[in-house]
Amino acid sequence: MTPATERKLARNAARACLLIFLAIVVARFFVDIPYGWGWVPLGLWILITLSANRRAARAEGDGATGPAVAPVAVAAPVTGRWKALNSPADKVPSHGTRAYGQTYAIDIVAEPEPGSRPAFGWWPLVRRNEDFPAFGAPLLAVADATVVRAEDGSRDHLSRTSWPAAVYLLALEGPARALGGVRPMLGNHVILDLGNGVHALYAHVRRGSLTVRTGDRVRAGAPLGQCGDSGNSSEPHVHFQLMDAADPVTAQGVPFTWQGIGVPRNGEAFEAGTTRTTPAG
């Protein structure tokens with residue numbers, strides 16, 4: 001059995017255990033089920049997930065000794081002034097999980113000027129996507145590549161940038177999307193084959209904005225689509241990552257560095273296409 005097959009089976013087994021646990025929780029409202037039964041699938045889910053993460057950590061590098069492979073240098077996927085969130089420059093895995101090949105993933109939000117992005121708070125509960133400068137921003141190919149996946153049929157939802165909406169996202173929407181698998185998590189997305197076993201993934205793309213389709217050849221800097229707010233997203237932003245396979249379910253993360261920028265840290269603003277980085281405003 002190949003490592004990729006093992007990772008896919010582990011991911012499916014973990015999802016099945018979590019589904020069984022939730023089914024038991026709901027069923028207990030209607031039938032008499034021993035309380036302890038629910039802990040069995042939950043415990044198995046935790047064990048399978050931890051085991052899969054440990055295997056991925058050994059293959060990718062444990063974060064303390066550095067990645068197992070050197071970072072791949074590519075161009076930035078955007079232009080203009082952006083701010084980094086959930087950066088692998090601060091911790092690995094950057095998003096707290098190695099699932100879906102996102103060990104070295106980064107999130108970036110547009111801030112043309114310091115403070116131009118709506119702030120997180122109590123009110124309003126949700127915002128329109130057009131309130132965020134990232135929404136509709138062009139996404140660019142980071143290298144000469146072949147498009148191996150292009151999906152943009154999912155809707156862009158309202159923001160989750162208030163405390164009540166964030167709780168809803170973390171406690172209900174996020175777990176429900178995780179059970180649904182890769183598409184509900186990534187939302188609209190495009191995957192490029194950069195060659196030499198390296199693939200670039202852009203997630204949360206704007207609905208209907210992709211200008212490329214599977215099989216297209218693109219040059220570095222070519223427009224691919226627009227930044228959106230689809231999938232497991234709190235606001236319009238770009239989720240970017242490199243990975244070693246075209247299928248996020250079986251892929252492992254690959255570290256990246258953006259030419260002329262490097263890897264910006266959490267809260268660090270950068271101007272795409274230059275060597276200048278500035279503190280967040």
Side-chain angles (χ1 to χ4, degrees), residues 71-90 94-95 102 104-118 129-145 147 149-152 156 159 161 186-192 194 198-212 216 218-231 233-243 254-281:
V72 176
V74 295
V78 294
T79 59
R81 186 181 186 275
W82 294 70
K83 181 187 292 185
L85 304 173
N86 299 318
S87 171
D90 290 87
S94 58
H95 286 58
Q102 59 184 325
Y104 304 101
I106 191 170
D107 293 332
I108 55 174
V109 291
E111 280 200 355
E113 298 293 337
S116 58
R117 167 173 151 255
N129 289 310
E130 289 77 10
D131 293 341
F132 296 85
F135 190 68
L139 303 176
L140 309 177
V142 296
D144 295 349
V147 179
R149 184 179 298 181
E151 300 182 9
D152 67 352
D156 296 284
S159 79
T161 50
L186 299 180
N188 302 318
H189 60 281
V190 59
I191 300 175
L192 306 180
L194 310 186
V198 179
H199 297 75
L201 181 149
Y202 307 65
H204 314 308
V205 175
R206 184 177 184 177
R207 184 178 189 176
S209 72
L210 287 180
T211 58
V212 295
D216 287 353
V218 295
R219 301 297 298 271
L224 304 174
Q226 297 176 8
C227 174
D229 194 22
S230 57
S233 171
S234 58
E235 66 177 272
H237 74 282
V238 178
H239 173 106
F240 175 82
Q241 67 188 52
L242 296 185
M243 51 192 185
V254 173
F256 74 90
T257 183
W258 285 331
Q259 296 161 349
I261 297 172
V263 183
R265 305 187 70 88
N266 287 343
E268 185 177 33
F270 64 93
E271 195 80 28
T274 73
T275 58
R276 179 172 65 90
T277 59
T278 60

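Starting from 1, each residue takes its place in the sequence as its number.
The salt bridge (Lys or Arg N to Asp or Glu O under 4.0 Å) search around Arg207 returns none, not counting sequence neighbours. Legend: residues meeting ring-ring contact (aromatic ring centres under 6.0 Å, His included) with His239, ordered by chain and number and at least two apart, are His95, His204. For Phe135, there are no ring-ring contact (aromatic ring centres under 6.0 Å, His included) partners two or more places apart in sequence or in a different chain. With sequence neighbours excluded, the residues satisfying side chain to side chain contact (heavy atoms under 4.5 Å, CB included) with Leu85 are Asp107, Val109, Arg117. Qualifying ring-ring contact (aromatic ring centres under 6.0 Å, His included) partners for Phe132, counting only residues two or more places apart in sequence or in other chains: none.
Considering every non-hydrogen atom in both Ala105 and Pro88, the closest pair reads O-CD, 3.2 Å. Residues Leu140 and Gly221 approach most closely at CD2-O, 3.7 Å, considering heavy atoms. Listed here is the closest heavy atom pair of Leu192 and Ala145: CB-CB, 3.8 Å. Between Pro264 and Ala89, the shortest heavy-atom distance links the atoms O-CB, 4.0 Å. The shortest heavy-atom contact between Ala76 and Ile261 is CB-CD1, 4.0 Å. For the pair Ser87 and Asn266, the tightest heavy-atom approach, listed with the atom from each and the gap, is N-OD1, 2.7 Å.
Around CD of Glu113, the count of heavy atoms belonging to other residues, nucleotides or ligands within 6.0 Å does not exceed 12.
By the 4.5 Å heavy-atom criterion applied to side chains, Val205 and Leu224 are not counted as neighbours. In this structure, Leu242 and Tyr104 have side chains that are not in contact, with every pair of non-hydrogen atoms separated by 4.5 Å or more. At a threshold of 4.5 Å between non-hydrogen side-chain atoms, the residues Ser230 and His189 do not count as touching. Residues Val198 and Val74 have side chains not in contact (no heavy-atom distance under 4.5 Å, counting atoms from C-beta outward). In this structure, Pro77 and Leu139 have side chains that are not in contact, with every pair of non-hydrogen atoms separated by 4.5 Å or more. A 4.5 Å side-chain heavy-atom check between Asn188 and Leu210 finds every atom pair outside the cut-off. Counting only heavy atoms from C-beta outward, the side chains of Ser116 and Glu111 approach each other to under 4.5 Å.
Atom CG of Asn86 is separated from atom CD1 of Ile106 by 8.5 Å, given to the nearest 0.5 angstrom. Rounded to the nearest 0.5 Å, atoms CD1 (Ile191) and CD (Gln241) are 8.0 Å apart. From Cys227, atom SG reaches atom CD of Glu235 across 9.0 Å, with rounding to the nearest 0.5 Å. Within the model, atoms CG of Asn129 and CG of Asp229 stand 4.5 Å from one another, a figure rounded to the nearest 0.5 Å. Expressed to the nearest 0.5 Å, how far NE2 of His199 lies from CG of Leu194 amounts to 7.5 Å.
The aromatic rings of Trp258 and Phe270 sit tilted relative to each other, their planes meeting at an angle between 30° and 60°.
With hydrogens and angles disregarded, no donor-acceptor distance shorter than 3.5 Å links the side chain of Asp90 to the backbone of Arg265. Within the 3.5 Å criterion, the main-chain N or O of Gly228 finds no donor-acceptor partner in the side chain of Ser209.
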Could you go through the side-chain contact (heavy atoms from CB on, under 4.5 Å) check for Trp82 and Val238 one step at a time? CA-CA 10 Å; Trp82 294 70; Val238 178; 3.9 Å; yes

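Residue pairs that meet the salt bridge (Lys or Arg N to Asp or Glu O under 4.0 Å) test with at least one member in residues 136-145, sequence neighbours left out, are Asp144-Arg219.
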